[in-house]
Amino acid sequence: MNTQVRVRFAPSPTGGLHIGGVRTVLFNYLFAKKHKGAFVLRIEDTDQSRFVAGAEEYIFQCLAWCGLNPDESVLQPGEHAPYRQSERKAIYWQYAQQLIAQGHAYYAFDTPEELGKMREQHKSEQNPTPQYNHSLRKHMRNSLTMSEQEVAAALTNNTPFVIRLKVPQNKLLALQDMIRGEVTFDTNLVDDKVLLKADGMPTYHLAVVVDDYLMKISHAFRGEEWLPSAPIHLLLWEYLGWLDAMPQWAHLPLILKPDGHGKLSKRDGDRLGFPVFAMNWEDPKTKELNKGFKEIGFLPEAFINMLALLGWNDGSGQELFSLDELIQQFDICRVHKGGAKFDYEKAKWFNHQYIQKLEPSDLLAAVSPFIPSAFHGETKLMERVLPLIKDRLTLLSDIWEQSHFFFTNPEKIDTEAIQSKWDEAKKAFYVSLINAFEQMITWNEAAIEATFNEVVAHHGIKKGDVMLPFRIMLVGGKFGPGVFAIADLITKENCIKRIQNALQQL
RNA sequence: GCCGCGUUGGUCAAUCGGUUUAAGACGCCACCCUUUCACGGUGGAAUGACGGGUUCGACUCCCGUACGCGGUACCA
């Protein structure tokens with residue numbers, strides 16, 4: 001029995017890190033931390049044909065951004081190194097041999113073409129995808145149907161082969177799932193899965209069992225899509241003689257697309273306009289760029305909080321949790337069975353909440369990557385601007401849209417909105433306003449409004465009629481915080497300049 | 001096709017057989033606040049797939065049906 005809690009996340013480095021993956025990491029991480037255990041990151045790179053340059057480094061970067069760093073990994077090897085499966089090739093071979101010796105696995109020499117032919121031949125309406133199973137294996141080229149000599153000869157001739165699991169007949173297998181309870185499978189319905197591929201690499205099935213055992217994994221969490229292959233793993237744990245050490249399983253529900261059904265894919269993100277990867281991912285081959293939550297303006301804490309609540313809650317109604325609170329409250333048994341549709345609106349709400357909670361200095365730091373570099377020197381001004389526009393930020397990247405007019409004169413002003421009610425009286429008002437502003441010694445919000453009021457009174461004009469044009473002159477349109485606060489921050493000179501500018505255009 | 005897993009409002013969801021006329025949040029709508037737009041506040045519409053059981057009592061347990069999803073690769 002494993003006494004120490006050890007969990008693992010085992011991504012295959014083939015592309016961007018999907019939010020479903022991040023949530024699996026998160027649940028692993030929370031469980032490990034809650035039980036003072038270890039969180040292991042194992043790289044599942046057994047399919048060389050799918051190798052993607054940079055994908056492994058990218059995964060580490062994503063985890064670091066999320067604040068979910070592993071305790072053991074290729075970067076921080078523990079006593080169970082190596083942590084890359086491609087480097088553990090010899091280990092799998094050894095266990096595959098053991099299985100063969102025990103009669104629980106066999107060599108199969110069928111070529112891909114022969115396999116295709118078999119499937120074609122046995123295909124029917126009742127059985128559209130024939131499986132290499134207990135009955136069909138009798139008709140294939142494998143060490144069960146060949147003589148010992150034939151097998152030996154094939155092996156010495158370097159005939160390509162795979163090693164398959166010999167799945168027993170008429171057995172009922174039961175899996176105790178921490179989320180779903182007991183799940184049972186009939187072995188007659190499971191096929192003789194390939195354990196070791198022709199290139200000598202293990203498939204997921206062999207690798208996951210061997211590594212979970214060797215790395216002393218106590219609890220194994222993975223996506224629901226793995227549930228159908230659980231009987232293979234159960235069989236392997238039994239045949240390898242490790243049943244006592246088998247981890248406790250939990251199959252996590254899927255994250256579904258917001259519209260329709262089915263699991264969320266990066267296509268949905270493109271289609272509906274939101275990211276599905278934690279960080280930007282550019283495919284080195286296709287050069288296709290997929291947006292990440294980080295780059296689109298999410299705070300990692302908000303991102304994590306949002307994911308934690310997708311399929312889990314503590315029953316109290318609380319929605320905002322710090323990482324420490326999540327560790328404290330997390331309970332894998334309270335994870336839902338059913339999949340959850342991803343809701344980008346709710347995700348943004350979380351981000352808005354977290355932005356509001358940020359300390360001014362942290363907000364400034366968080367927002368700076370989204371400010372044009374030409375304005376990076378203006379931190380003093382930005383410090384004064386931030387409190388004014390903070391509550392209008394949903395994404396960190398909203399910053400410039402909400403604040404550019406504090407730093408630079410509006411390029412275009414919405415003259416149309418003014419034009420319809422424009423007349424000589426108003427024009428005269430603004431000319432006086434400029435004069436009055438020029439006389440001002442102390443320039444601050446209250447003083448500006450007082451002066452504004454005086455000129456309004458003098459002209460016998462309605463304040464409401466000149467407020468909106470004033471705003472548009474200063475910021476370019478019908479948006480932004482209080483006009484007098486804006487006038488204050490942009491300085492007297494700029495304020496006057498902008499009014500003059502607008503007057504010329506009207 | 002077969003196997004597995006699911007199914008409370010548009011979405012996330014509470015309820016673990018009875019203090020529920022089924023919480024709360026997002027979104028939506030209305031109003032208030034705001035001489036802009038947001039934020040905020042108040043209120044509102046909106047939910048147990050269907051059919052059978054079991055039980056004094058079912059959203060909650062069981063069975064069936066429907067629907068959805070996942071799997072069915074020398075991919076993970």
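Quick note on labels: first sequence line is chain A, next is B, and so on, each numbered from 1. The shown structure was predicted, so the numbers you read here are calculated from the model rather than taken from an experiment.
Using bins of under 30°, 30° to 60° and over 60° for the plane-to-plane angle, the ring pair Phe342(A)/Phe274(A) lands in the tilted bin. Using the six-membered ring where Trp is involved, Phe303(A) and Phe298(A) have ring planes that are perpendicular, over 60° apart on the 30 and 60° scheme. Ring pair Phe470(A)/Phe437(A) is tilted by interplanar angle, where 30° to 60° counts as tilted. Ring planes of Phe484(A) and Phe452(A): perpendicular class, angle over 60° (limits at 30 and 60°). Ring orientation note: the planes of Tyr107(A) and Phe161(A) are nearly perpendicular, at an angle over 60° on the 30°/60° scale.
For His122(A) and C2(B), the NE2 to C1' distance is 17 Å, given to the nearest whole Å. The CD atom of Gln318(A) sits 12 Å away from the C1' atom of G24(B) (whole-angstrom rounding). If you measure from atom OH of Tyr344(A) to atom P of A25(B), you get 23 Å, rounded to the nearest angstrom. Separating the CZ atom of Phe185(A) from the P atom of C3(B) is a distance of 13 Å, rounded to the nearest angstrom. For His261(A) and G10(B), the NE2 to C1' distance is 12 Å, given to the nearest whole Å. To the nearest angstrom, C1' of C69(B) lies 14 Å from CG of Leu264(A). As rounded to whole Å, 13 Å separates atom C1' of C26(B) from atom CE of Met306(A). The distance from atom CD of Gln176(A) to atom P of G4(B) is 16 Å, rounded to the nearest whole Å.
Among the protein residues, Pro258(A) comes within range of no part of the nucleic acid, since none of its heavy atoms lies under 4.0 Å from any strand. Counting non-hydrogen atoms under 4.0 angstrom, Thr184(A) reaches the backbone sugars and phosphates but no base. Counting any heavy atom pair closer than 4.0 Å across all strands shown, Val190(A) reaches no nucleic acid atom.
Between atom CG of residue Leu17(A) and atom CG of residue Asn290(A) there is a gap of 12.5 Å, rounded to the nearest 0.5 Å.
The 5' end of RNA chain B is approached more closely, in terms of each residue's nearest nucleotide, by Glu125(A) than by the other of Gly262(A) and Glu125(A). For the pair Gln126(A) and Gln402(A), both in contact range of RNA chain B, the more 5′-proximal nearest nucleotide belongs to Gln126(A).
Counting only distance, with no hydrogens or angles, the side chain of Arg8(A) and the backbone of Val40(A) share no donor-acceptor pair below 3.5 Å. A donor-acceptor pair under 3.5 Å links the side-chain atoms of Ser316(A) to the main chain of Gln318(A), judged by distance alone. A donor-acceptor contact shorter than 3.5 Å links the side chain of Arg23(A) to the backbone of Leu310(A).
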Which dot-bracket string fits RNA chain B when only Watson-Crick or G-U wobble pairs with both atom distances under 3.5 Å count, crossing pairs get [ ], and | stands for a partner on a different strand? (((((((..(((.....[.....))).(((((.......)))))....(((((..]....))))))))))))....
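Taking the P atoms as reference points, C33(B) lies 15 Å from U42(B), given to the whole Å. Separating the C1' atom of C56(B) from that of G51(B) is a span of 23 Å, rounded to the nearest Å. When the C1' atom is used for both G48(B) and C61(B), the distance is 16 Å, rounded to whole Å. Across the C1' atoms, C16(B) and U72(B) are found 35 Å apart, a figure rounded to whole Å. Straight-line distance between the C1' atoms of G1(B) and A45(B): roughly 44 Å, to the nearest whole Å. Spacing between G44(B) and G6(B) at atom P, rounded to whole Å, works out to 36 Å. G9(B) and A46(B) have their P atoms separated by 14 Å, with the value rounded to a whole Å.
Using a 3.5 Å distance cut-off with no hydrogens or angles, the side chains of Asp110(A) and Asn142(A) do not pair a donor with an acceptor. In this model, no donor atom of one side chain and acceptor atom of the other lie less than 3.5 Å apart for Ser124(A) and Asn127(A).
Arg84(A) meets the side chain to side chain donor-acceptor pair (under 3.5 Å) test with Glu56(A), Glu87(A); sequence neighbours excluded. Residues meeting the salt bridge (charged side-chain N to carboxylate O under 4.0 Å, His left out) test with Lys171(A), sequence neighbours left out: Glu238(A). Asp343(A) is linked by a side-chain contact (heavy atoms from CB on, under 4.5 Å) to Glu345(A), Lys346(A), counting only residues two or more places apart in sequence or in another chain. Partners of Arg137(A) under the side chain to side chain donor-acceptor pair (under 3.5 Å) rule, at least two apart in sequence or in another chain, are Asp192(A).
Using a 4.5 Å heavy-atom cutoff, the side chains of Phe221(A) and Trp249(A) are not in contact. The closest side-chain heavy-atom distance from Val74(A) to Pro82(A) is not below 4.5 Å. Taking the side chain as every heavy atom from C-beta outward, Val466(A) and Val455(A) never approach each other to under 4.5 Å.
Counting only residues at least two apart or in different chains, side-chain hydrogen bond (donor to acceptor under 3.5 Å, both in side chains) contacts with residues 452-467 of chain A comprise Ser432(A)-His459(A), Glu449(A)-Lys463(A), Asn453(A)-Lys463(A).
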Quiz: residues 395-402 of chain A side-chain donor-acceptor pairs under 3.5 angstrom, not counting sequence neighbours:
| residue | atom | partner | partner atom | Å |
| --- | --- | --- | --- | --- |
| Ser397(A) | OG | Ile296(A) | O | 2.7 |
| Asp398(A) | OD2 | Thr394(A) | N | 3.0 |
| Asp398(A) | OD2 | Leu395(A) | N | 2.8 |

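Contacts of residues 466-477 of chain A with RNA chain B (heavy atom under 4.0 Å): Met467(A), Leu468(A), Arg471(A).
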Heavy atoms under 4.0 Å is the rule here; annotate nucleotides 38-46 of chain B 5' to 3' with B where the base is hit, S where only the sugar-phosphate is, and - elsewhere. BS-------
Find every protein N or O atom lying less than 3.5 Å from an N or O atom of nucleotides 12-14 of chain B, and list the pairs.
| residue | atom | partner | partner atom | Å |
| --- | --- | --- | --- | --- |
| C12(B) | OP1 | Lys341(A) | N | 2.9 |
| C12(B) | O2' | Leu309(A) | O | 3.3 |
| A13(B) | OP1 | Gly311(A) | N | 2.7 |
| A13(B) | O3' | Asn313(A) | ND2 | 2.8 |
| A13(B) | O3' | His336(A) | NE2 | 3.3 |
| A14(B) | OP1 | Asn313(A) | ND2 | 3.1 |
| A14(B) | OP1 | His336(A) | NE2 | 3.1 |

What does the list of N/O pairs under 3.5 Å between the protein and nucleotides 71-76 of chain B look like, with a distance for each?
| residue | atom | partner | partner atom | Å |
| --- | --- | --- | --- | --- |
| U72(B) | O2' | Gln131(A) | NE2 | 2.5 |
| C74(B) | OP2 | Arg164(A) | NH2 | 3.4 |
| C74(B) | O2 | Ala198(A) | N | 2.8 |
| C74(B) | N4 | Asp110(A) | O | 3.1 |
| C75(B) | OP2 | Lys197(A) | NZ | 3.1 |
| C75(B) | O2' | Asp47(A) | OD2 | 3.3 |
| C75(B) | O2' | Arg50(A) | NE | 3.2 |
| C75(B) | O2' | Arg50(A) | NH2 | 3.0 |
| A76(B) | OP1 | Thr46(A) | OG1 | 2.8 |
| A76(B) | OP1 | Lys197(A) | NZ | 2.7 |
| A76(B) | OP2 | Tyr204(A) | N | 3.4 |
| A76(B) | O3' | Glu44(A) | OE1 | 2.6 |
| A76(B) | O2' | Ser12(A) | OG | 3.1 |

When you compare the protein's N or O atoms with those of nucleotides 47-49 of chain B, which come within less than 3.5 Å of each other, and at what distance?
none

